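Computed from a predicted structure; not experimentally measured. Just follow the structure's listing: the first ligand is 1, and inside any ligand the first atom is 1. Just so you know, these numbers use all the heavy atoms, side chains as well, and skip hydrogens, waters and symmetry mates.
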Amino acid sequence: MSADCIFCSIVDGDIPARTVHETDSVLAFLDANPLARGHTLVIPKAHAQHVGDLNDELASDLFAAVTELTPRVQSVVGADGANVGINDGEAAGQEVPHVHVHIIPRFEGDGGAPLHAVGGDRPDLSDDEVDAVAEAIAE
Ligand code: AMP
């Protein structure tokens, strides 16, 4: 629990939310400013700011809720697909510093964009540079 965290306040019941799913460790509620009908946020109840702060159990619980809810949300709103994603860190657009997975229903011809659109200018990388990055991550 973090004193200034709006999502912790939702977990504690101090701020209202349209809850759609709850377990001992995970809460899901509708986004207050939806990008689409059914836009849902799935959060760990325990405060964690970044994806890398989640322990294995919490990460597993969170993703289990996401996999259960994504088709359910799509079905309820009659969506043709969904973007599922996390803004991890301010540079990536994270505004609420409590990990949350966005489930954004998508409809044919809705004018939206794929996740590929979130990146900045594409880097011009040599094969050697790509290999070095792969090796460093794999280490
Ligand atoms: P992000 O930019 O990934 O941090 O997204 C934060 C999301 O939280 C935005 O889509 C907001 O509309 C949503 N949000 C902020 N406050 C609330 C709230 N009290 N209840 C539901 N959703 C909220």
*What is the minimum heavy-atom distance between Cys8 and His47, and which atoms define it?*
SG-ND1, 3.4 Å
*Identity and distance of the protein heavy atom lying nearest atom 12 (O) of ligand 1*: Asp31 OD1, 2.5 Å
*Side chain of Asp88, backbone of Val51: donor and acceptor closer than 3.5 Å?*
yes
*How close do Gln74 and Gly81 get, heavy atom to heavy atom, and via which atoms?*
OE1-CA, 3.2 Å
*asked:* Going by ring pair (Phe, Tyr, Trp, His ring centres under 6.0 Å), name the residues that satisfy it together with His100, two or more places apart in sequence or in a different chain.
replied: Phe7, His102
*Ligand-residue contact atoms, ligand 1 with Phe29, heavy atoms, under 4.0 Å*: 21 (C)
*Just jot down the ligand 1 atoms closer than 4.0 angstrom to any heavy atom of Leu30, in number order.*
21 (C)
*Considering distance alone, does some N or O of Ala32 sit under 3.5 Å from an N or O of ligand 1?*
yes
_Please give me the minimum heavy-atom distance between Asn33 and His39, naming the atom from each residue._
O-ND1, 4.4 Å
*So, for Glu129 and Asp124, which heavy atoms are closest and what is the spacing to 0.1 Å?*
OE1-O, 4.1 Å
_If you define the side chain from C-beta out and look only at heavy atoms, does anything of Glu95 sit under 4.5 Å from Glu90?_
no
*Record the part of Ile86 in heavy-atom contact with ligand 1 below 4.0 Å; permitted values are side chain, backbone, both and neither.*
neither
*Got the closest protein heavy atom to atom 4 (O) of ligand 1, with its distance?*
Glu95 N, 2.7 Å
*Considering heavy atoms of the protein only, find what lies nearest to atom 16 (N) of ligand 1 and give residue, atom and distance to 0.1 Å.*
Ile6 CD1, 3.9 Å
*asked:* Between ligand 1 and Gly93, can you find any atom pair, the residue atom being a heavy atom, that is separated by under 4.0 Å?
replied: yes
_I need the minimum non-hydrogen distance between Val77 and Pro105, along with the two atoms involved._
CG2-CB, 3.8 Å
_Show me which atoms of ligand 1 lie under 4.0 Å from any heavy atom of Ile10._
18 (C), 19 (N), 20 (N)
_Check this for me - ligand 1, His100, N or O atoms closer than 3.5 angstrom, yes or no?_
yes
*Hey, which atoms in ligand 1 end up nearer than 4.0 Å to a heavy atom of Leu41?*
8 (O), 13 (C), 22 (N)
*Does some side-chain heavy atom of Val26 sit less than 4.5 Å from a side-chain heavy atom of Ile43?*
no
*Counting from 1, what ligand 1 atoms have a heavy atom of Asn87 closer than 4.0 Å?*
1 (P), 2 (O), 3 (O)
*May I ask you to check whether His39 has an N/O atom sitting below 3.5 Å from an N/O atom of ligand 1?*
no
*Which atom names give the shortest non-hydrogen contact between Leu54 and Leu58, and what distance separates them?*
CD2-CD2, 4.0 Å
*Backbone or side chain, does any N or O of Val96 fall under 3.5 Å from an N or O of ligand 1?*
yes
_Nitrogen or oxygen of Ile15 less than 3.5 angstrom from that of ligand 1_ = no
